[in-house]
Amino acid sequence: MSSLAVRKARPTAGTTPGTAQGPPRRRRIAPVPTLTLLLGAVYCLLPVAWVVIAATKSGSELFSTFTFLPGTGFADNVSDLSAYRDGVYWQWMANSALYAGLGALLSTVVSAFSGYALATYRFRGRETLFNVLLAGVLMPPVILAVPQYLLLAEANLTDSYLAVLLPQILSPYGVYLARVYAAAAVPADVVEAGRMDGASEWRIFTRVALPMMVPGLVTVFLFQFVAVWNNFLLPYIMLSDDEKFPITLGLYTLLEQGANTPALYTLVITGAFLAVLPLVALFLVVQRFWSLDLLSGAVKS
């Protein structure tokens, strides 16, 4: 018998024996979800692109040139904005950095303690307390603003930095996130092992649980920072001294004056563009730290 009759066909390199051979399949692109995502991206990014481009235009170019055509007046706009009322804009930026930075930090600390306690300890009324916190997540801020103002007015704290900082310290959403993350990231066996070794509850929290909760707490800090930075209603109710205004309220007052002075429109647009930059920078820094921390946690595990 010829050797050609008994020779077995060899499988093609890179394929699995016993399976049908054929050209590699291309991944199908779902048109409807892709189109929906593209429309959502355009909807979100188009106003940002308009602000970036409009900030480069002078007062005359703003209303006379094509909408998405860059201008030549960005440096003059920044200079005029810095000179407006002896640089009050940068005072507003500093106030926002204080409110958002310190408020988000304190809120993250409170959320860490509360979330860890709700996830780890068993005590009477724990679930009821957690349900009340969930109700706080669903509560619109406008409902709480007036009672908060009345309480702080009784304590003579209105029109002060504390009037904006104190209501931001307790974040029901931050406590909820910290509780969920602590329950998932901190094993009960690790906590019990620390107790059996004689470690105090404070030592277990700071040395064992807290490092495991860092990625979740970074998320809480980021969310709370953005929420406080963009908050308008609470400062609007609490503050009357414009030197204590955050950037949101300061730009609002500048926009109101622009109704009578159209030249201020360019300052408002430039100020809005500059006010977004700290949020973008913070997100990039926190995202990098967040990714590195998650990666190191995966390597250690």
Atom [atom1] of residue position [X] - does it have more than 12 heavy atoms of other residues, nucleotides or ligands inside 6.0 Å?
X: Tyr121; atom1: OH; result: yes
X: Arg203; atom1: CZ; result: no
X: Tyr176; atom1: OH; result: no
X: Asp86; atom1: CG; result: no
X: Arg195; atom1: CZ; result: yes
X: Tyr149; atom1: OH; result: no

Mind checking whether [X] and [Y] have side chains closer than 4.5 Å, heavy atoms only?
X: Ile53; Y: Leu69; answer: no
X: Leu233; Y: Ile237; answer: yes
X: Leu222; Y: Leu282; answer: yes
X: Met238; Y: Asp159; answer: no
X: Val190; Y: Val186; answer: no
X: Val110; Y: Ser114; answer: yes
X: Val175; Y: Val137; answer: no
X: Trp92; Y: Thr253; answer: yes

Report summary line: salt bridge (charged side-chain N to carboxylate O under 4.0 Å, His left out) filter on Asp242, not counting sequence neighbours, yields Arg85
Query - Sequence-distant partners of Glu127, salt bridge (charged side-chain N to carboxylate O under 4.0 Å, His left out), two or more places apart - result: Arg179
Please find the pair of heavy atoms, one from [X] and one from [Y], that lie closest to each other, and give the distance.
X: Leu217; Y: Thr108; result: O-CG2, 3.6 Å
X: Thr65; Y: Lys57; result: OG1-NZ, 3.2 Å
X: Pro167; Y: Ala163; result: CD-O, 3.2 Å
X: Ala55; Y: Ile269; result: N-CG2, 3.8 Å
X: Tyr181; Y: Met213; result: CE2-CA, 3.9 Å
X: Met212; Y: Ala185; result: SD-O, 3.4 Å

Query raised in the report: For the ring pair Tyr89 and Tyr84, is the centre-to-centre distance below 6.0 Å?
Result: no
With no hydrogens and no angle check, is any side-chain donor or acceptor of [X] less than 3.5 Å from a backbone partner on [Y]?
X: Ser82; Y: Gly87; answer: no
X: Asn95; Y: Glu243; answer: yes
X: Trp229; Y: Ala275; answer: yes
X: Asp197; Y: Ala199; answer: no
X: Tyr99; Y: Pro246; answer: no
X: Thr34; Y: Pro31; answer: no
X: Asn77; Y: Thr266; answer: no
X: Ser111; Y: Ala178; answer: no
X: Thr120; Y: Ala117; answer: no
X: Gln224; Y: Gln168; answer: yes

Report task. Run the numbers on Val280 and Leu284 for side chain to side chain contact (heavy atoms under 4.5 Å, CB included), then give the verdict. Result -> CA-CA 6 Å; Val280 175; Leu284 294 177; 4.2 Å; yes
Hey, could you give me the [atom1]/[atom2] distance between [X] and [Y], rounded to the nearest 0.5 Å?
X: Leu152; Y: Leu162; atom1: CG; atom2: CG; value: 9.0 Å
X: Arg124; Y: Leu129; atom1: CZ; atom2: CG; value: 14.5 Å
X: Ser171; Y: Phe223; atom1: OG; atom2: CZ; value: 10.5 Å
X: Arg126; Y: Asn131; atom1: CZ; atom2: CG; value: 11.0 Å
X: Leu264; Y: Leu81; atom1: CG; atom2: CG; value: 10.0 Å
X: Leu249; Y: Leu234; atom1: CG; atom2: CG; value: 10.5 Å

Requested in this report: Kindly indicate, with the supporting measurements, whether the criterion side chain to side chain contact (heavy atoms under 4.5 Å, CB included) is fulfilled by Thr248 and Asn231.
Outcome: CA-CA 7 Å; Thr248 51; Asn231 194 0; 5.8 Å; no
Requested in this report: Mind running side chain to side chain contact (heavy atoms under 4.5 Å, CB included) on Trp90 and Leu274 for me, showing each step along the way?
Outcome: CA-CA 10 Å; Trp90 301 111; Leu274 295 177; 4.0 Å; yes
Report task. Run through the side-chain heavy atoms of Ile, Leu, Val, Met, Phe, Trp and Tyr, join any pair under 4.5 Å, and report what else lands in Leu39's cluster. Result -> Leu35
Query raised in the report: Under the side chain to side chain contact (heavy atoms under 4.5 Å, CB included) criterion, do Tyr116 and Ile204 qualify, and how do the steps go?
Result: CA-CA 11 Å; Tyr116 175 77; Ile204 294 174; 3.8 Å; yes
Requested in this report: Identify, with sequence neighbours excluded, every residue that meets ring pair (Phe, Tyr, Trp, His ring centres under 6.0 Å) alongside Phe232.
Outcome: Tyr236, Tyr252
Query raised in the report: Under 30°, 30 to 60°, or over 60°: which ring-plane class applies to Phe225 and Phe221, parallel, tilted or perpendicular?
Result: tilted
Requested in this report: Would you please name every residue forming a side-chain hydrogen bond (donor to acceptor under 3.5 Å, both in side chains) with Trp50, sequence neighbours left out?
Outcome: none
Query raised in the report: Got a sec, which residues hit side-chain hydrogen bond (donor to acceptor under 3.5 Å, both in side chains) with Ser200, two or more places apart in sequence or on another chain?
Result: none
